J.: 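What follows is a structure written as structure tokens; I'll ask about it next.
Remember, predicted model here, so these are calculated numbers, not experimental data. Naming convention: chains lettered A, B, ... in sequence-line order (proteins, then strands); numbering from 1 in each chain.
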2 protein chains.
Amino acid sequence: MDKVEIPRKAIYRLSIYSRCLRRLSEKGIETVSSSALASAAGVKPAQLRKDLGYFGQFGTRGLGYPVEVLLTAFREVLGRAALQPVILVGAGNLGRALLRYEGFLKEGFEVLAAFDKSPESIDTTRVPVPLHSDDELANFIKKHRVRMAILCVPAEFGQEVTNTLVEAGVQGILNFSPTILQTPDHVVVTRVDLAMELENLSFFIDQ
Amino acid sequence: MDKVEIPRKAIYRLSIYSRCLRRLSEKGIETVSSSALASAAGVKPAQLRKDLGYFGQFGTRGLGYPVEVLLTAFREVLGRAALQPVILVGAGNLGRALLRYEGFLKEGFEVLAAFDKSPESIDTTRVPVPLHSDDELANFIKKHRVRMAILCVPAEFGQEVTNTLVEAGVQGILNFSPTILQTPDHVVVTRVDLAMELENLSFFIDQ
DNA sequence: TGGTGTGAAGTGGTTCACAGCA
DNA sequence: TGCTGTGAACCACTTCACACCA
């Protein structure tokens with residue numbers, strides 16, 4: 001019955017809704033209409049309703065959605081997130097920054113460890129996780145059953161490190177290296193290319 | 001004649017192609033086929049050809065595309081990027097990291113200055129740009145005709161700061177604050193939400 | 001022959017519009 | 001009455017398939 005494939009983008013938006021709901025919940029708001037939540041999330045009301053429809057029926061006609069019920073349902077869907085151990089590879093400027101970034105923690109993620117080609121030459125002040133050598137990567141992943149990795153190595157090492165990660169069992173990679181990774185189908189890669197985002201933005205600027 | 005609207009995604013991919021081409025160029029490769037370039041960029045050959053088609057005819061049938069010609073053409077389209085002055089607002093962990101990140105420079109961007117609510121309390125070691133108070137934001141933007149900004153303030157200040165930016169003339173915002181910004185239509189916002197990317201990835205992990 | 005350029009067909013996702021229920 | 005739930009219409013982008021040309 002349930003075999004309507006859920007669009008990736010809908011799943012992606014779930015995280016946005018989730019965050020908006022948390023804010024509503026903090027304010028003590030108990031019910032929210034599709035139009036209110038949609039505008040907070042920056043989408044159209046119909047889109048929101050359709051997205052929710054993929055996961056069940058949560059609303060009351062004429063009233064709206066109960067905030068807590070939605071939150072619980074979303075946690076069910078995205079909930080495994082918090083449980084996933086994550087590692088970070090490449091402790092350069094960007095890598096170290098991400099390690100220090102409280103944003104991950106705030107959303108319930110814990111970075112277990114970081115890896116670098118030459119860990120001894122790295123300034124680890126205020127880096128709150130152990131830093132190992134790349135050599136230990138495969139063993140660590142297998143031992144701790146790591147399935148997700150944040151990749152911040154220079155572009156030229158991206159593919160090589162990725163092969164190691166995938167080989168050892170990683171299934172999801174958040175790739176900050178400015179390169180396109182070749183991976184098997186069962187591995188999901190999300191690319192975040194900061195310079196490219198800027199370059200792209202500039203296209204839309206007048207004059 | 002030329003009034004076929006170019007899809008946003010096509011423009012976005014231009015940056016990817018551009019980077020792949022630069023790498024080919026460095027290797028001294030002079031011509032490339034659509035299938036070779038496409039696979040390097042992680043897209044289908046037909047997609048690449050269609051994308052190029054939006055901007056002109058660059059290829060030779062039976063041969064492929066001249067690398068340098070494509071590069072020049074792309075620079076024409078995306079070229080203004082390098083000339084755009086950029087500022088960064090919010091010098092927390094993430095903000096400072098981005099300031100130190102060489103990736104922007106490498107792609108030709110120069111961050112003019114950074115701003116923070118309380119600049120005096122911030123560790124500016126190895127931050128290579130002047131750090132000002134938020135109070136000076138509007139004046140600075142107007143004076144230097146800044147059109148692009150990188151936003152790294154905490155979520156709760158995102159909208160407030162954005163209003164200031166837009167009011168002062170900013171037209172493109174790269175938003176790292178985990179919040180949805182309301183902006184007029186002429187302002188383009190690209191959101192990069194690191195925790196959300198992780199959360200989303202975890203959805204696709206087995207077991 | 002080999003690879004581009006492109007109309008036409010296909011696909012996935014968004015938006016509409018309205019039936020249905022508190 | 002007000003707002004959800006959802007099939008149907010729509011739209012944007014992707015992929016196909018083949019004419020065309022060095």
Side-chain angles (χ1 to χ4, degrees), chain A residues 1-17 20-21 24 29-71 73-74 180 188 200 203-204, chain B residues 1-17 20-21 24 29-71 73-74 180 188 200 203-204:
Chain A
M1 321 250 112
D2 196 28
K3 272 299 89 189
V4 186
E5 203 53 47
I6 300 170
R8 290 200 162 202
K9 291 194 173 181
I11 294 162
Y12 193 84
R13 284 189 296 266
L14 233 54
S15 300
I16 308 184
Y17 303 150
C20 296
L21 285 165
L24 291 174
I29 292 166
E30 290 178 3
T31 22
V32 66
S33 69
S34 64
S35 54
L37 182 52
S39 99
V43 303
K44 298 249 166 93
Q47 173 112 265
L48 172 72
R49 294 201 300 275
K50 181 129 281 196
D51 285 346
L52 297 188
Y54 291 120
F55 300 97
Q57 300 192 180
F58 305 103
T60 308
R61 288 162 201 240
L63 234 175
Y65 301 93
V67 172
E68 293 304 328
V69 170
L70 278 190
L71 266 176
F74 287 2
I180 304 290
V188 183
N200 187 247
F203 182 87
F204 298 101
Chain B
M1 326 250 108
D2 195 27
K3 272 299 92 191
V4 186
E5 203 54 45
I6 299 169
R8 291 203 162 202
K9 293 193 172 179
I11 294 163
Y12 194 83
R13 283 188 298 266
L14 232 53
S15 300
I16 308 184
Y17 302 150
C20 296
L21 285 166
L24 290 175
I29 292 164
E30 290 178 4
T31 24
V32 66
S33 69
S34 64
S35 55
L37 183 51
S39 99
V43 303
K44 299 249 164 92
Q47 172 112 266
L48 172 72
R49 294 202 300 276
K50 182 129 281 196
D51 285 346
L52 297 188
Y54 291 120
F55 301 98
Q57 300 193 179
F58 304 103
T60 307
R61 287 163 202 238
L63 234 175
Y65 301 93
V67 171
E68 294 304 329
V69 170
L70 278 189
L71 266 175
F74 288 2
I180 304 290
V188 182
N200 187 246
F203 182 88
F204 299 101

J.: Would you check if the side chain of A:T60 reaches a backbone N or O of A:L63 as a donor-acceptor pair within less than 3.5 Å?
T.: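 No.
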J.: Taking only the side-chain heavy atoms of B:P7 (C-beta and beyond), determine which of D:dG5, C:dG5, D:dC13 contains the nearest atom.
T.: D:dC13
J.: Counting side-chain heavy atoms from CB outward, which of C:dG13, D:dG5, C:dA22 is closest to A:Y65?
T.: D:dG5
J.: Could you check which of C:dC16, C:dG3, D:dT15 has an atom nearest any side-chain atom of A:A46?
T.: C:dC16
J.: Return the value, rounded to whole Å, for the distance between atom CZ of B:F55 and atom C1' of C:dT6.
T.: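 Rounding to the nearest Å, CZ of B:F55 and C1' of C:dT6 are 16 Å apart.
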J.: Counting just side-chain N and O atoms, does B:S34 come under 4.0 Å of either OP1 or OP2 of C:dT4?
T.: yes
J.: With a cut-off of under 6.0 Å to the ring centre and 45° to the axis, is A:R8 in cation-pi contact with B:F204?
T.: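 A:R8 over B:F204 ring: yes.
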J.: Tell me the interatomic distance from B:Q57, atom CD, to D:dA22, atom P, rounded to whole angstroms.
T.: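 Value for this atom pair: 11 Å.
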J.: Where the side chain of B:K50 is defined as all heavy atoms beyond and including C-beta, which of D:dT4, D:dG5, C:dG7 is the nearest nucleotide?
T.: C:dG7
J.: Rounded to whole Å, how long is the line connecting atom CZ of A:R8 with atom P of D:dC13?
T.: 19 Å
J.: Rounded to the nearest 0.5 Å, what separation is found between the CZ atom of A:F203 and the OH atom of B:Y12?
T.: 14.5 Å
J.: Using atom OH of B:Y54 as one end and atom P of D:dC13 as the other, report the distance to the nearest whole Å.
T.: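 That distance rounds to 7 Å.
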J.: Counting only side-chain N and O atoms of B:R49, is one of them less than 4.0 Å from OP1 or OP2 of D:dA17?
T.: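 No, B:R49 has no side-chain N/O under 4.0 Å of OP1/OP2 on D:dA17.
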J.: What distance separates A:F55 CZ from A:I11 CD1, expressed to the nearest 0.5 Å?
T.: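 A:F55 atom CZ to A:I11 atom CD1 measures 5.5 Å (nearest 0.5 Å).
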J.: What nucleotide, of D:dT4, D:dG5, D:dT15, holds the atom closest to the side chain of A:S33?
T.: D:dT4
J.: In whole Å, what is the span from the CD atom of A:E5 to the P atom of C:dG13?
T.: 9 Å
J.: What's B:G53 touching, base or sugar-phosphate or nothing? Going by heavy atoms closer than 4.0 Å.
T.: nothing
J.: Rounded to whole angstrom units, what separation is found between the CG atom of A:D51 and the P atom of C:dT14?
T.: 7 Å
J.: Please figure out whether A:A10 or B:L52 has its closest DNA chain C nucleotide nearer the 5' end.
T.: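 Going by which nucleotide is closer to the 5' end, it is B:L52.
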J.: Between A:Y17 and A:F74, what is the ring plane arrangement, given parallel below 30°, perpendicular above 60°, and tilted in between?
T.: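 Tilted.
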J.: Find the distance A:Q47:CD to D:dC3:C1' and express it as a whole number of Å.
T.: 18 Å
J.: In whole angstrom, what separates B:K44's NZ from C:dG10's C1'?
T.: 12 Å
J.: With the side chain of A:K9 defined as its heavy atoms from C-beta on, choose the nearest nucleotide among C:dG13, D:dT15, C:dA22.
T.: C:dG13
